[in-house]
Amino acid sequence: MRALHAPRWRILGPALVALLLGQPLVVPALQGQASSVALAIPDAKTRLVVEREIARAVSRGLPSAPLVAKAMEGVTKLAPPDRIRAAVAAQAQRLEQARGLLGPTPTEAELVSGAEALAAGIPSAMLKQVRAAWPTQSVVMPLDVLTELVARGVPPKQALERVVTLMRRGATPVQIAGLGAAVQADVAAGLAPDAALEVRARGVMSLLPSPAAAAALAPSGRRP
Amino acid sequence: MLASIARPVEAQSDPALRIDAGLATIQQPAIGTVRGRETADAALLAAFWRRPLDRATLLASGNLTYARDSLAAVQAVAALSVPWRREPNLRTDIGGAGATFSLRSAGTGGNANAFVRQHLVRDADGGWVGGAVGRTRRDGVPSATTSADIGLWRRWRFLYGSASVAYQHSSDWLLLYTAGELDVRAETEYDLVDLQFTLQARGGPHDLTLAWTRRRVFADGPVSVPALQGSGTYQLTDRVALLASVGRQLADPMRGLPQADLAMAAVRVSLGPQPLPIMPRAVVAEATVRDAPTGEVVPPGEPVARLLEIRVEASDTARVTVAGSLSNWDPIPLRWDDGVWIARVPITAGTHRIGIRVGNGPWRAPRNLARVRDGFGGESGLLVVP
């Protein structure tokens, strides 16, 4: 109980110090998290360069978890230290870029999805269009499905057009995810990715309300 | 010599450096008015190097064959293998090769050639089409060769088969004359059409290949020449393998190499950071998300709603692992279950990257997932779970 009623200065003190230093409050915690996870890297040289790279990213306010995951992927794949460092740095750069594109206050999950989309070669302007279609809802699933479609060979412009249309027509994240899964099944069955998308997108669209009704039903709440 | 030429199209994702050293008995046609054959014992030394870059793979290989005064040859090949950005199943190889030789059977000189080849590489089948131009100087006489080839390959579990047709047009008449494939006057140009079938079996550490070629030589009149070659590899450890090859290698005007019947044995040592993949072609991996049966409990004991099921067709002597963002890239071993490697892993909603590894081979994406670059020169499978 005492902890719950700690003097207010104990809470505000670090906040004021952080504010004065121009650092977000989460930085020390994330730095600690990055270091402890990165310590699982057996090679000392790799561990050092990765920790530095993650600390640098965290100091810019970026989440550490996706960077640690990228480092661990490199360790598992026996990538050389320079390559792991470069991959972590590139991931940090994409996260930062995604933060700018999905602003003003994207969630960590949105940042990760945005970074994945950029890594898959989706132009940055398209991320802005996705955010513009759903300014208040989470764009995690639309971005993930867009990334998957492009990775399967659907032209980015066509994939974006279909996904954004579904978003504007009021499709739910589950319906958008279903589109990705259906296209995956069609491609596995031998259909060309762009043709599969066309067919499946029409199928989902037929279940949605008309554009006018969709506008009226559009959710106004803030994304989680 | 001839059997240990490294193929320039081994564009996998992992870096590699390997060295082959061995001995061979080579029987070649003897030059002269009366056709005969002479046998030479030769020493072989070959090196293969591969380095993945961000958007391409660099490959180089070289080999030296030496049999005292009857045979000496040095060859080098350099190539760049570039996957297409929008269509990862397509890959273009471009490169060149050079050789210098001193052969009792086919003269002294050198050769240079350049090639380009377009590949379609899918999980279980693929094909290629390519072309090359070459120049050879043999005993001071220049000659030129052009070629085009097209082929298809397919894999059935542990068997890999290919069929190809290659066309060559050449003025290097001395090469075929000594091989007994061409009975013509000097300075004659000729055409070759090779129909080749290859069957390869890969299982665990073993690798056996049989190649049958039917060559039609069109000069003064068509002549048909068959050739059969068998080769095998046995992987002793991750880094050491034994190689053996026996059979006939037909004359190759593009590279300036004469026909030879050979038996070769060698040791291959892999020095790169990644050992040789034991059986990269024999893998069929699929990842499927299923609803967990009611009450399903997966270690460490939490009830789960969804499971990712990984199924891999591979030899029972290999070890198979799956790793990904779902396990923080900790490798999870698959278990051998009635002819298939299998794992069921709890999975949550979101986007997951997944890799499968068989033996010491490269990490690959399951074939039914979208493939994305992993930033380490390889690939991962992308799985979106609603």
Side-chain angles (χ1 to χ4, degrees), chain A residues 37 40 65-66 68-80 82-84 86-91 94 109 112-113 115-117 119-121 140-156 172-181 183-185 187-189 193, chain B residues 13-15 51-54 84-90 122-123 272-275 286-289 321-332 349-355 357 360 362-386:
Chain A
V37 177
V68 172
K70 178 52 73 178
M72 295 313 294
E73 181 181 355
V75 171
T76 298
K77 292 182 173 179
L78 301 176
D82 284 352
R83 195 126 196 173
I84 296 177
V88 170
Q91 179 76 346
R94 287 191 292 267
V112 173
S113 295
E116 289 283 358
V140 168
M141 191 51 74
L143 284 174
D144 288 350
V145 170
L146 182 62
T147 303
E148 189 186 21
L149 291 172
V150 171
R152 284 201 177 278
V154 177
T172 64
V174 172
Q175 283 172 317
I176 294 173
L179 171 72
V183 170
Q184 174 188 323
V187 170
Chain B
S13 57
D14 52 325
R51 182 181 171 82
L53 306 174
D54 281 344
W84 288 26
R85 280 193 179 200
R86 292 285 171 223
E87 181 45 76
N89 287 336
L90 291 177
R122 300 196 301 191
D123 287 307
Q274 291 268 19
E286 289 198 341
T288 314
V289 177
T321 48
V322 57
S325 45
L326 70 159
S327 67
N328 197 30
W329 289 99
D330 266 346
I332 300 170
T351 301
H352 299 272
R353 284 176 170 243
I354 293 166
R357 192 184 199 203
N360 294 311
W363 287 90
R364 307 285 293 269
R367 71 172 181 179
N368 62 329
L369 299 188
R371 295 186 296 174
V372 289
R373 294 185 194 286
D374 64 2
F376 306 104
E379 64 177 23
S380 293
L382 190 71
L383 176 65
V384 178
V385 182

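Since this is a predicted model, take the numbers as computed values, not measurements. Order of the sequence lines fixes the chain letters, A, B, ..., with proteins taken first and strands second; residue numbering starts at 1 for each chain.
Residues B:Asn328 and A:Ala69 share a closest heavy-atom pair of OD1-CA, 4.0 Å. Minimum heavy-atom separation, A:Ala87 to B:Gly375: CB-O, 3.9 Å. A:Glu116 and B:Leu382 get closest at one heavy-atom pair: OE1-CD1, 4.4 Å. When all heavy atoms are compared, the tightest approach of B:Arg353 to A:Ala119 is NH2-CB, 4.4 Å.
Looking at B:Thr351 and A:Glu148, their side chains never bring a donor and an acceptor atom within 3.5 Å of each other.
For the atom pair CZ (B:Phe376) and CG (A:Leu78), the distance works out to 11.0 Å, reported to the nearest 0.5 Å. Atoms CZ and CG, on A:Arg152 and B:Leu369 in that order, are 6.5 Å from each other to the nearest 0.5 Å. Note: A:Glu73 CD to B:Ser325 OG = 8.0 Å, rounded to the nearest 0.5 Å.
The backbone N or O of B:Gly378 sits nowhere less than 3.5 Å from a side-chain atom of A:Lys77 that would complete a donor-acceptor pair.
At a 4.5 Å heavy-atom cutoff, A:Leu149 makes no contact with chain B through either its backbone or its side chain.
Contact count against chain B (heavy-atom pairs under 4.5 Å) is highest for A:Asp144 among A:Leu143, A:Asp144, A:Val112.
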